[in-house]
Engineer: 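Mind looking over this structure? Questions follow.
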Amino acid sequence: MPREMALEYIGGRGFACRMMYDDLEPGIDPMGPDNNIYVLTGPINGTAVPYSSRYVVATKSPLTGTYTRSLSGGEFSAQLKYAGFDGVVVEGRSESPVYLYLENGSAELRDASHLWGKSTWDAEEDLRKALKGSKSLTIGPAGEKKILFASVTNDWGRSAGGGGTGAVFGAKRLKAIVARGRQGVHVPNKGTFLGLLREIYKEIKAHPGFPERIWKGTTMTVETTSKLGIIPVRNFSGGKLEGVEQLYSEVFRERLVFHDESCFSCPLPCGKLSLIKAGPYTGTILQGPQFETIGLLGTNCGITNIETVAKASSLCNLYGMDTIETGNVVGFAMECYERGILTKADTGGIDLRFGNDDALIETIDAIGQNKGIGRLLSGGTARAARMIGQETVKFAMCTKGKGFAAYDPRALVGMGLIYATAPTGAHHSTGPTLGGERALGFTSNKEKPELVYRNQNSYCLMDSLIICSFSRYGLDDSSRMKILEAVTGERYEADLISKRIFSLERLFNVREGFGRPDDSLPWRSLHEPMPEGPAKGSTVRLEELLSKYYVLRKWDPRGIPTIACLEELGLEEEVENLAEMAIQLTP
Amino acid sequence: MARLVASPIRCSGCRLCELICSFWHEDEFNPSRARIRIEINRSIGPGTLPDAVDVPHVCEQCNPAPCEQICPEGAIVRDSVTHALLVKDNQCVGCGLCVEECPYHMIHLNQEKETAQKCDLCGGQPLCVSFCPRDALCLEES
């Protein structure tokens with residue numbers, strides 16, 4: 001790895017986009033042998049830096065056809081370092097099921113036929129028993145069956161969920177990546193670093209929001225977004241849902257949680273180990289559910305029973321598929337059913353009404369096993385809408401084929417711009433805006449392009465270090481960079497790096513044929529006013545947001561980076577590359 | 001007497017204690033070389049809960065101490081100030097008897113130095129205690 005690459009892209013997501021742009025020919029089949037999987041850490045992973053145990057999985061997404069990157073916590077990233085690796089690039093395709101075993105600098109593909117067909121949890125458990133002290137990331141049956149929103153899961157249900165990375169694992173017949181090692185991670189100056197760590201941990205403990213965030217985890221956002229009419233209700237059609245209080249964190253804690261769980265080296269245990277103690281699913285143990293999961297599998301499907309949401313989340317994790325995409329596509333199917341577009345003949349007898357708990361669970365099983373109605377839904381919402389036809393595309397709540405996360409953009413318009421411009425399709429975690437939009441007015445366009453631009457840049461840095469976005473409890477971009485420089489002993493130009501990463505990801509998508517028409521939102525978000533709640537009457541005025549946003553990015557009105565932009569970011573070579581592809585650039 | 005006391009109820013399994021311990025003693029972040037160990041219990045099937053999910057294991061600084069008593073070289077001695085049991089590197093021959101004798105499995109052989117290694121309470125101010133974000137570890141004086 002050339003030193004320049006480390007200075008220009010840091011690691012993690014930065015490395016992923018650089019390598020993907022260089023390695024993957026435009027137009028390749030995401031499910032074919034020409035696609036690669038990049039599982040990467042960053043320079044700070046494996047150390048005692050808080051919030052730092054994360055890895056990124058990047059690949060060309062079979063769900064969207066775009067670049068995708070998804071992150072997950074747990075302990076895997078640290079164990080990968082201790083095994084002697086900063087990351088793994090998986091090329092080609094295996095004839096039979098395999099897993100990749102990494103230990104103390106050596107890598108080996110091993111037979112995984114005994115694991116094929118097993119749930120993520122069982123596969124992980126088998127690997128842990130066979131290889132004591134190891135950590136693995138696995139796919140479940142959904143990845144094996146190439147469900148296009150299959151996830152990669154590690155540490156008992158933590159998931160790199162978005163974009164169908166698990167389906168690419170499945171297409172390569174790669175069941176798991178397992179790491180185990182005893183190799184330490186070093187920093188240049190012990191004394192200075194220890195001093196810095198003491199300072200940081202003091203900051204974190206003193207952060208006023210810290211205790212509440214630990215107590216509620218991500219579920220604290222359920223109450224906030226419900227009161228603001230932001231959480232999706234019945235396939236993003238409504239602004240309030242009766243009984244939503246039954247999904248608030250107090251209820252969640254009281255009825256489900258038995259242990260607060262940290263990722264490795266993280267002072268903020270947002271993970272909630274849960275046990276279902278009542279109803280038909282009694283005895284189910286799971287990780288979570290988290291906010292996005294509650295929003296999509298809960299309110300978006302009209303479900304207000306926390307035990308049902310927990311069971312649905314658990315099933316998705318066991319099959320190994322994204323809870324967000326699953327909730328999005330089931331919500332969509334429920335609306336089709338209520339409108340009479342889908343009938344019991346299509347659903348295999350499932351009474352797919354909003355708010356029908358059993359129907360949710362049965363449909364998830366059908367998707368996970370790719371049978372019955374599941375076959376219609378296993379390609380995600382956009383594909384389902386194309387297959388069903390009629391006017392369903394108007395309420396297929398996706399951008400670039402990726403389903404919305406748990407924020408209705410009519411009630412949080414900056415998030416609409418995030419959905420429209422994220423390189424991954426509508427992925428909330430490329431720069432969430434909830435906190436920032438409070439001061440600006442949730443339904444106003446004012447200063448939203450600037451906010452989105454700042455957040456996206458900041459997330460490019462975090463995803464490259466790699467550090468969790470919850471590091472905002474005690475850290476900001478400047479302290480994050482201070483940490484990075486203390487770990488590597490190098491100096492970085494944070495501002496340029498973050499913009500470089502984001503524009504290079506854009507170029508990857510431009511090369512694949514994506515442009516302004518794809519930076520869009522579905523008809524419902526643009527033309528159907530929010531019928532009720534605090535955001536009543538609101539729609540997203542996207543074109544105005546997009547035009548301003550492109551100017552900030554120095555992209556032309558087609559959404560393609562200008563030559564000036566690329567030169568400023570040190571991407572001159574890409575100018576030539578695009579010219580060879582007959583993509584006209586604006587000066 | 002002073003010893004580490006751990007609360008499995010408060011511990012959330014972040015293993016920062018292991019990281020900071022290995023960094024302090026071995027100059028690297030490497031949990032496999034730490035003198036404190038967190039047991040992570042997640043091997044739980046439907047319907048069964050473990051008694052404790054994340055369990056810190058610490059040296060009890062026993063008195064009388066089996067490690068001190070079994071050592072044929074007299075290489076494990078009690079510090080007069082902290083009362084921690086310390087391994088004298090220049091006397092330890094790495095025979096491993098103490099490793100086998102410790103009822104808590106809290107002594108290990110250092111692969112590089114080929115001597116025994118154990119918790120020394122960091123000279124009286126254990127870093128694991130000061131860094132634990134959950135206050136799950138404390139130094140108990142008696």
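So you know, we letter chains A, B, ... as the sequences are listed, proteins then strands, and number each from 1. Keep in mind it's a predicted model, so treat the numbers as computed, not measured.
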Engineer: Which one, A:Asp122, A:Val187, A:Val185, leads in non-hydrogen pairs under 4.5 Å with chain B?
Structural biologist: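 The answer is A:Val185.
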Engineer: In this structure, are over 12 heavy atoms from other groups packed under 6.0 Å from B:Glu39 atom CD?
Structural biologist: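 Counting neighbours around CD of B:Glu39, more than 12 heavy atoms of other residues, nucleotides or ligands fall under 6.0 Å, so yes.
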Engineer: Below 4.5 Å from any heavy atom of chain A, which atoms of B:Leu127 appear? Answer side chain, backbone, both or neither.
Structural biologist: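 Only the side chain of B:Leu127 comes within 4.5 Å of chain A.
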Engineer: Are the side chains of B:Phe23 and A:Thr47 in touch, meaning some heavy atoms are under 4.5 Å apart?
Structural biologist: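 No. Closest side-chain heavy atoms not under 4.5 Å.
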Engineer: Please classify the contact of A:Tyr201 with chain B as side chain, backbone, both or neither, using a heavy-atom distance under 4.5 Å.
Structural biologist: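 The answer is the side chain of A:Tyr201.
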Engineer: Given side chains that start at C-beta, do those of B:Ile40 and A:Trp156 come closer than 4.5 Å, heavy atoms only?
Structural biologist: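 A side-chain contact under 4.5 Å exists here.
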Engineer: Should we say atom CD of B:Gln69 is surrounded by more than 12 heavy atoms from elsewhere, each under 6.0 Å from it?
Structural biologist: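 It does: B:Gln69 CD has more than 12 such atoms within range.
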Engineer: Are more than 12 heavy atoms from other residues, nucleotides or ligands located less than 6.0 Å from atom NZ of A:Lys190?
Structural biologist: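 Yes, NZ of A:Lys190 has more than 12 neighbouring heavy atoms, counting only those of other groups under 6.0 Å.
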Engineer: Quick check on the interface: out of A:Arg182, A:Lys205, A:Glu124, who has the most heavy-atom pairs with chain B under 4.5 Å?
Structural biologist: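 The answer is A:Arg182.
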Engineer: For chain A, which of B:Gly13, B:Ser12, B:Ser32, B:Cys11 has the most heavy-atom pairs under 4.5 Å?
Structural biologist: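 Looking at each option in turn, the highest pair count goes to B:Ser12.
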Engineer: Name the region of B:Cys17, side chain, backbone, both or neither, that has any atom closer than 4.5 Å to a heavy atom of chain A.
Structural biologist: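 For B:Cys17, no heavy atom lies under 4.5 Å from chain A.
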Engineer: Taking all atoms of both residues into account, what is the closest heavy-atom pair of A:Ala48 and B:Ile20, and its distance?
Structural biologist: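 Heavy atoms only, the tightest pair is CB-CD1, 4.3 Å.
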Engineer: Given heavy-atom pairs under 4.5 angstrom as the criterion, report whether the side chain, backbone, both or neither of A:Leu268 touches chain B.
Structural biologist: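 Answer is neither: A:Leu268 stays 4.5 Å or more from chain B.
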Engineer: With heavy-atom distances below 4.5 Å as the criterion, would you say the side chains of A:Tyr82 and B:Pro31 are in contact?
Structural biologist: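 Result yes, sub-4.5 Å side-chain heavy-atom pair found.
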Engineer: Where is the tightest heavy-atom contact between A:Ser265 and B:Leu19, given as atom of each residue plus distance?
Structural biologist: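 Minimum heavy-atom contact is CB-CD1, 3.6 Å.
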Engineer: Take atom CZ of A:Arg253 as the centre, draw a 6.0 Å sphere, and report whether it contains more than 12 heavy atoms from other residues, nucleotides or ligands.
Structural biologist: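 Yes, CZ of A:Arg253 has more than 12 neighbouring heavy atoms, counting only those of other groups under 6.0 Å.
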Engineer: If I compare all heavy atoms of B:Phe131 with all of A:Arg198, which pair ends up nearest, and what's the gap?
Structural biologist: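 Residues B:Phe131 and A:Arg198, closest heavy atoms: CZ-CG, 3.7 Å.
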Engineer: I'd like to know which of A:His259, A:His186, A:Glu75 tops the heavy-atom pair count under 4.5 Å against chain B.
Structural biologist: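 With the most close heavy-atom pairs to chain B, the winner is A:His259.
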Engineer: Over all heavy atoms of both residues, which pair between B:Asn30 and A:Gln183 is shortest? Give the atoms and the distance, please.
Structural biologist: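 Residues B:Asn30 and A:Gln183, closest heavy atoms: ND2-C, 3.8 Å.
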Engineer: Which atom pair, heavy atoms only, marks the closest approach of A:Leu273 to B:Val53?
Structural biologist: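 Shortest heavy-atom separation between A:Leu273 and B:Val53 comes out as CD1-CG1, 3.8 Å.
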Engineer: Any idea which heavy atoms bring A:Ser262 and B:Cys14 closest together, and the distance?
Structural biologist: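 Reported closest heavy-atom pair: CB-CB, 3.6 Å.
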